[in-house]
Amino acid sequence: MITSKKKPILWLLSDTHLIADSLHDDGLAFQHMRNTSAGKDLDYQEIALTAFVRKVIQEKPTAVIITGDVTFNGAKISGERLANIFKPLTKNKIAFLVLPGNHDIFDGWARKFKGDHEDYTLQISPAIWKEIFADSYHYALHEDSDSLAYSVNLNKQYRLILADSNIYGKQESQTHPITNGRISESQMNWIEKELIDAQQKQQQVLFFMHHNLYRHNKVIYQGYAWC
């Protein structure tokens, strides 16, 4: 269990979309990417996340959870940088739990930017993801063998299920990431077992995944919901 407290506090955020400062020189190629990035703040990410971590340490919640798209374009260096920024949480006995989003695993857009050029940079594979965020999987009660999903005992009353609703291949990609979400049949079976086990232990389940479960908007929903 993460804690024995009956009233744990969870802080939840999503879509940090970090691109490590070391992956660009603020040149023309990066400026073009920034200007076409749907309004994402790419200038002060590391500063903002570092300030956020300091606030977390001051407030001392039980855990911080990021529900995917931790990186801007799936670059391994960006994932490593985010893990390093959040490392002080582990040192301060605050659980740090992450699950991937559609931009994180085998994203064919993983790039570094220099001058007016963009170049290939190493993508995040499922194995690399678990290496980068080993501190998160350290808390796992159970892991799904066919995805990056895992469960965590928050306390005696609650179990967390962090599902992997993303669609990605088994090798590096050369195309854009697939935005739609899906949970495979094998992962659904794993989730069912988790629900049964939690019920037998009289635990309530808190369920997390990157994609929306329902279409909350009749106009804008394609690529945002689990199907």
Side-chain angles (χ1 to χ4, degrees), residues 14-25 27-34 36-38 40 42 45-46 49 66-87 96-138 140 143-150 162-188 190 208-211 222-227:
S14 186
D15 295 74
T16 49
H17 284 290
L18 176 67
I19 179 168
D21 289 345
S22 63
L23 285 175
H24 70 87
D25 60 356
L28 290 176
F30 179 74
Q31 290 174 23
H32 174 72
M33 176 61 71
R34 178 178 55 203
T36 57
S37 63
K40 296 181 179 70
L42 303 183
Q45 292 177 315
E46 293 195 16
L49 290 174
I66 303 183
T67 55
D69 279 0
V70 302
T71 68
F72 175 69
N73 59 6
K76 178 176 180 282
I77 291 174
S78 296
E80 292 172 335
R81 181 65 184 125
L82 185 134
N84 187 57
I85 290 173
F86 280 83
K87 191 71 174 179
F96 178 50
L97 307 174
V98 298
L99 55 89
N102 55 283
H103 282 282
D104 294 319
I105 308 299
F106 285 147
D107 184 343
W109 283 352
R111 295 289 187 276
K112 55 185 176 181
F113 303 89
K114 186 175 182 179
D116 58 355
H117 297 283
E118 59 179 68
D119 299 302
Y120 166 87
T121 189
L122 185 63
Q123 300 172 17
I124 301 175
S125 68
I128 289 174
W129 175 269
K130 284 191 173 183
E131 290 177 3
I132 294 173
F133 298 109
D135 287 346
S136 295
Y137 287 87
H138 169 76
E143 297 181 33
D144 178 28
S145 60
D146 293 325
S147 74
L148 292 170
Y150 61 109
L162 295 97
D164 180 1
S165 60
N166 305 287
I167 303 172
Y168 48 85
K170 297 183 180 298
Q171 58 187 6
E172 288 200 344
S173 173
Q174 296 182 353
T175 64
H176 61 81
I178 298 173
T179 56
N180 288 328
R182 181 182 64 203
I183 293 180
S184 66
E185 183 177 353
S186 61
Q187 187 178 166
M188 288 290 284
W190 177 83
F208 304 85
M209 66 180 181
H210 181 64
H211 294 84
Q222 290 185 346
Y224 295 95
W226 167 59
C227 56

Side-chain donor or acceptor of D104 paired with backbone N/O of V70 under 3.5 Å: yes
G79 and I124: which non-hydrogen atoms are nearest, and at how many Å? CA-CD1, 4.4 Å
For H210 and N166, does a side-chain donor sit closer than 3.5 Å to a side-chain acceptor? no
Give the minimum heavy-atom separation between S78 and L18, together with the two atoms involved. CB-O, 3.3 Å
If you round to the nearest 0.5 Å, how far is CE of M33 from CG of N73? 7.0 Å
Does a salt bridge link D135 with K87, judged by any charged N lying under 4.0 Å from a carboxylate O? yes
Heavy atoms, side chains only, cut-off 4.5 Å: are S37 and L42 in contact? yes
Apply side chain to side chain contact (heavy atoms under 4.5 Å, CB included) to I167 and N102, showing your working. CA-CA 7 Å; I167 303 172; N102 55 283; over 6 Å; no
So that I know where these two stand, are F86 and F96 an aromatic pair - ring centroids less than 6.0 Å apart? yes
Donor-acceptor pair, side chain of Q187 and main chain of S147, under 3.5 angstrom: no
Got a second to check how far E172's CD is from S125's OG, nearest 0.5 Å? 8.0 Å
Closest heavy-atom pair and its distance - T16, L49: CG2-CD2, 4.0 Å
Straight-line distance of T71 OG1 to W129 CH2, nearest 0.5 Å: 7.0 Å
Residues I66 and S14: closest non-hydrogen pair is CG2-CA, 4.3 Å
Can you tell me how far the CE atom of M209 sits from the CG atom of D164, to the nearest 0.5 Å? 11.0 Å
How many angstroms lie between NZ in K112 and CD1 in I77, if you round to the nearest 0.5 Å? 7.0 Å
Would you confirm whether Y137, through its side chain, and L148, through its main-chain N or O, come within 3.5 Å as a donor-acceptor pair? yes
For the residue pair Y168 and P177, establish whether any side-chain heavy-atom pair is separated by less than 4.5 Å. no
When you measure from the side chain of Q123 to the backbone N and O of A110, does any donor-acceptor pair fall under 3.5 Å? no
What heavy-atom pair brings Y150 and E143 nearest, and what distance separates the two atoms? CB-CG, 4.1 Å
Classify the angle between the aromatic ring planes of H103 and H17 as parallel (below 30°), tilted (30 to 60°) or perpendicular (above 60°). perpendicular
Supply the atom-to-atom distance I85 CD1 to E46 CD, rounded to the nearest 0.5 angstrom. 4.5 Å
Shortest non-hydrogen contact from S173 to F106? CB-O, 3.2 Å
Taking the side chain from D25 and the backbone from G115, do they hold a donor-acceptor pair closer than 3.5 Å? yes
Could you go through K76 and I132, starting from their C-alpha distance and side-chain angles, then the distance that decides it, and tell me whether this counts as side chain to side chain contact (heavy atoms under 4.5 Å, CB included)? CA-CA 9 Å; K76 178 176 180 282; I132 294 173; 4.3 Å; yes
With distance as the sole test, does H211 use its side chain to make a donor-acceptor pair with the main-chain N or O of T179 at under 3.5 Å? yes
What do the steps show when you test F113 against I19 for side chain to side chain contact (heavy atoms under 4.5 Å, CB included), and what is the final call? CA-CA 11 Å; F113 303 89; I19 179 168; 3.8 Å; yes
